[in-house]
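In what follows, a single structure is set out as structure tokens and then discussed.
Lettering follows sequence order; numbering is per chain, from 1. Quantities reported herein were computed from a predicted structural model and do not represent experimental measurements.
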Amino acid sequence: MQIRVRFAPSPTGRVHLGNMRTAIFNWLFARHHGGRFLLRIEDTDRQRSHQGAIDQLLAEMTWLDLDFDGDPLYQHTRSDAHRAAADRLMQAGHAYAYANGDGDAAVLFRIPLDPGPEYSIVERERISVDIHPDVPVTISSAGITYAAISRKGKPIPSECCLAGMMRLKIVGDNGVVRYDLGKDPGAVTDGQPPVTVDNGTTLSFIRRDVRFHDLVRGDLSKPLDSIKDFVIVRSDGHPVFHLANVCDDIHQQITHVIRGDDHIENSYRHVLLFAALGHAAPAFLHLPMIVNREGKPYSKRDGDAYIGELREAGFMNSTVFNYLALLGWSPGDDREKMSRADIVNAFDVSGIQLSAAQMDIRKLQHMNGQYIADLPFDAFLHGVEQALAEQPWARNADPAYFREVAELMQSRTKQFTDAATWQYFFVDTLSYDDRLVGKHIGKPGIRSAFAQLLTALREIAFDPEPIESAIHAVTDDREIPRGKFNLPLRIAVTASNTGAGIYEVMALLGRDRTLARLTHAVDSLCADDSEQ
RNA sequence: GACCCCAUCGUCUAGUGGCCUAGGACACCGGGUUUUCAUCCCGGCAACACGGGUUCGACUCCCGUUGGGGUCGCCA
């Protein structure tokens with residue numbers, strides 16, 4: 001059997017980091033197994049879906065190289081098929097029309113009362129639940145309503161599907177059975193008025209679980225009495241997510257549903273729908289969430305929550321793919337920086353984590369630095385040029401000179417946007433940080449040392465080695481420890497306390513600019529140290 | 001509140017009953033790279049949530065507690 005998975009986002013906004021990670025895992029699963037990776041745009045909510053979101057989604061998938069097989073399926077094009085499925089369910093007694101108060105009737109899926117083996121519903125023991133005697137129990141074809149009892153003794157309105165309480169008996173004081181639904185819940189078939197029972201204190205019924213197998217979590221189950229019948233077609237005639245999702249999974253012959261673990265509750269419902277529609281359910285695999293720094297789910301308020309923001313922040317697509325693949329999955333050994341082919345090869349569901357993961361931007365930065373270091377120079381140059389496209393000083397730079405600067409800086413660049421700090425190579429006037437200047441240049445002795453160096457630099461070939469020698473001559477002469485002089489020099493020449501090797505930087509800047517900046521330092525930045 | 005899911009260093013993770021005095025990575029701290037920035041290299045700090053079982057033996061299995069998250073829409 002060929003493996004077929006799908007990524008099924010709803011185009012209602014920007015695609016979130018967690019959604020994109022889901023896409024990556026689906027893609028990886030398909031590619032590892034030689035299966036098909038399909039894209040389905042779940043745009044049944046016509047109000048909130050928009051083309052811009054679709055375009056952006058496609059662009060981000062392209063950026064990450066998540067190629068999908070075939071054309072995207074736009075879910076709204078299948079609404080007739082969805083409604084037809086709902087009709088079939090109604091005819092078979094698996095669904096019913098129900099009007100909640102005013103307005104037209106919606107179509108609800110009926111949790112099956114008497115399920116065949118294909119429903120993966122298992123019967124457990126008879127249990128008893130205490131209920132609040134002041135609130136009557138109602139039983140109708142639309143379900144059972146009752147009131148549970150809070151810790152403080154207050155009634156808590158509760159409801160469940162008719163199937164949730166098999167062989168229900170409502171027991172009152174002294175163990176008197178006030179109502180017995182019996183074997184045949186046909187007593188409350190459609191159209192009949194609800195049965196109301198007063199003064200019950202206990203609900204006694206046979207509990208049943210719906211269960212499915214999750215590829216990483218194992219067998220999962222949920223009591224039927226905690227589930228209600230659910231809407232599959234709105235009263236305005238539009239199919240609801242549950243129906244559309246399941247119908248299209250059948251339509252696209254999906255074999256494995258891989259989605260976030262926020263869908264676990266939905267999967268319990270969906271296995272029932274698959275059975276009612278006469279199809280075996282696919283395998284399920286629920287992925288843990290990605291959470292923000294506070295350990296909370298990502299919301300619009302969090303930065304870096306969208307793939308596009310990572311791209312704009314100067315991260316490489318390879319890094320983001322690699323990093324995201326490792327968020328919630330591990331190859332089982334110590335490998336971290338892995339090629340795409342290695343990840344595809346190593347990808348296995350046994351390496352998928354069960355608990356939520358926090359994205360760590362610093363680790364992403366580190367990994368991006370590794371990717372950038374390994375980049376062929378021209379590719380690095382291209383990335384940097386794109387990141388600096390809005391900077392006039394970069395756009396107008398001499399290409400050959402820009403290349404030299406980029407060559408010098410590649411090994412110390414972690415994000416393409418770091419290149420914004422290269423400005424000092426290209427502009428005539430620098431803006432100095434008063435604190436840096438005060439701390440490192442405003443000291444006694446610096447001014448005359450700069451002046452001496454200024455003289456020496458006029459005489460030499462302007463290459464790194466002669467520059468270094470000239471600097472050493474000054475520091476030796478003045479008994480300044482060699483290393484101590486580089487920082488003030490760096491700040492005077494670049495207005496920054498970090499950068500490439502200072503001798504190389506000065507050589508690249510050239511004699512004119514270097515001397516001009518040192519002169520400016522002597523004239524305007526240094527403390528008066530004439531007493532020396 | 002009910003139900004569902006989860007739980008190893010600050011973070012991402014390895015670990016599938018003995019190989020664990022719990023390994024790697026990021027971050028942080030210290031040192032080195034013929035005295036600068038960064039890369040890089042070396043070293044350090046740092047975790048099995050808690051309590052019961054099961055077992056000769058538990059990070060690993062079971063139960064409970066606590067904590068976190070999810071769901072409880074005619075949103076997807």
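Within the 4.0 angstrom heavy-atom criterion, no nucleotide atom of any strand lies near A:Asn245. Residue contacts shown for A:His238 are absent, as no nucleic acid heavy atom lies under 4.0 Å away. As judged by a 4.0 angstrom heavy-atom cut-off over every strand, A:Gly369 is placed among residues making no nucleic acid contact. Heavy atoms of A:Ala500 sit under 4.0 angstrom from at least one base atom. Residue contacts for A:Ser158: at a heavy-atom cut-off of 4.0 Å it reaches no nucleic acid atom on any strand shown. Residue A:Ala106 is classed as a base contact, given a heavy-atom separation below 4.0 Å to a base. In this structure, A:Gln358 reaches the sugar-phosphate backbone alone: every heavy-atom distance under 4.0 Å involves primed, P, OP1 or OP2 atoms, never a base. The residue A:Pro223 sits close only to the backbone: its heavy atoms come under 4.0 Å of sugar-phosphate atoms, none of a base. Using a 4.0 Å heavy-atom cutoff across all strands shown, A:Gly260 reaches no nucleic acid atom at all. The residue A:Asp360 sits close to a base: some heavy atom pair falls under 4.0 Å. If you check every strand for non-hydrogen atoms under 4.0 Å, A:Ser235 touches a base.
Between A:Lys484 and the phosphate of B:rU35, there is no side-chain N or O to OP1/OP2 separation shorter than 4.0 Å. Contact check, A:Lys296 against B:rG68: no side-chain N or O comes under 4.0 Å of OP1 or OP2. One finds a side-chain N or O of A:Arg234 lying less than 4.0 angstrom from the OP1 or OP2 phosphate oxygen of B:rA76. Between A:Gln353 and B:rC6 there is no side-chain N or O to OP1 or OP2 distance below 4.0 Å. Here A:Arg335 does not reach the OP1 or OP2 of B:rA14: none of its side-chain N or O atoms lies under 4.0 Å away. Between B:rA76 and A:Thr44, a contact under 4.0 Å exists linking OP1 or OP2 to a side-chain N or O.
Separation of the P atoms belonging to B:rC62 and B:rC5 is 13 Å when rounded to the nearest angstrom. Distance noted for atom C1' between B:rA47 and B:rU8: 6 Å (whole Å). Comparing the C1' positions of B:rC9 and B:rA49 gives an interatomic distance of 14 Å, to the nearest angstrom. A gap of 15 Å separates the C1' atoms of B:rA46 and B:rU13, to the nearest Å. Taking atom P in both B:rA25 and B:rC61, one finds a spacing of 27 Å when rounded to whole Å.
By the 4.0 Å N-to-carboxylate-O rule, A:Lys228 lies close enough to A:Glu159 to be salt-bridged with it. Using a 4.0 Å cut-off between charged side-chain N and carboxylate O, A:Asp333 and A:Arg335 make a salt bridge.
B:rA2 is paired with B:rU71 under the criterion used here, namely a Watson-Crick or G-U wobble arrangement in which both key atom distances are under 3.5 Å. In this entry B:rA46 has no Watson-Crick or G-U wobble partner, no candidate having both defining distances under 3.5 Å. Under the Watson-Crick or G-U wobble criterion, with both distances below 3.5 Å, B:rC56 is paired with B:rG18.
Looking at the side chain of A:Ser411, the nearest of the listed nucleotides B:rC3, B:rC12, B:rA38 is B:rA38. Taking every side-chain heavy atom of A:Tyr268 into account, B:rC5 is the closest of B:rC5, B:rC3, B:rA14. Listed candidates were B:rU35, B:rC12, B:rC75. Nearest to the side chain of A:Asp45 is B:rC75. The A:Val231 side chain lies nearest to B:rC74 when the options are B:rC74, B:rU36, B:rG70. In this structure, the nucleotide among B:rA25, B:rC3, B:rA38 sitting nearest to the side chain of A:Glu265 is B:rC3. For A:Arg362, the listed nucleotide lying nearest its side chain is B:rA27; candidates were B:rU36, B:rA27, B:rC12. Listed nucleotides: B:rU35, B:rU36, B:rA27. Nearest to the side chain of A:His366: B:rA27.
Between the side chain of A:Arg217 and the base of B:rC5, no donor-acceptor pair of N or O atoms lies under 3.5 Å.
For the pair A:Lys337 and A:Tyr371, the cation-pi criterion (under 6.0 Å, within 45° of the ring axis) is fulfilled. For A:Arg21 and A:Phe25, the positive end sits near the middle of the six-membered ring, less than 6.0 Å away and at most 45° from its axis.
Mapping A:Phe241 and A:Asp261 onto RNA chain B via the closest heavy atom, the residue that lands nearer the 5' end is A:Asp261. Toward the 5′ end of RNA chain B lies the nearest nucleotide of A:Ile264, the other residue of the pair A:Asn497 and A:Ile264 mapping further downstream.
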Starting from the C-alpha separation in whole Å, work towards a yes-or-no answer on salt bridge (Lys or Arg N to Asp or Glu O under 4.0 Å) for A:Asp476 and A:Arg482. CA-CA 7 Å; A:Asp476 292 353; A:Arg482 286 185 173 179; 3.0 Å; yes
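Atom CZ in A:Arg48 sits roughly 14 Å away from atom P in B:rC74 (whole-Å rounding). Following rounding to the nearest Å, A:Ile343 (CD1) and B:rU13 (C1') show an atom-to-atom distance of 15 Å. A:Phe377 has its CZ atom 20 Å from the P atom of B:rU39, to the nearest Å. Across the protein-nucleic acid pair, A:Gln365 atom CD and B:rA27 atom P stand 9 Å apart, rounded to whole Å.
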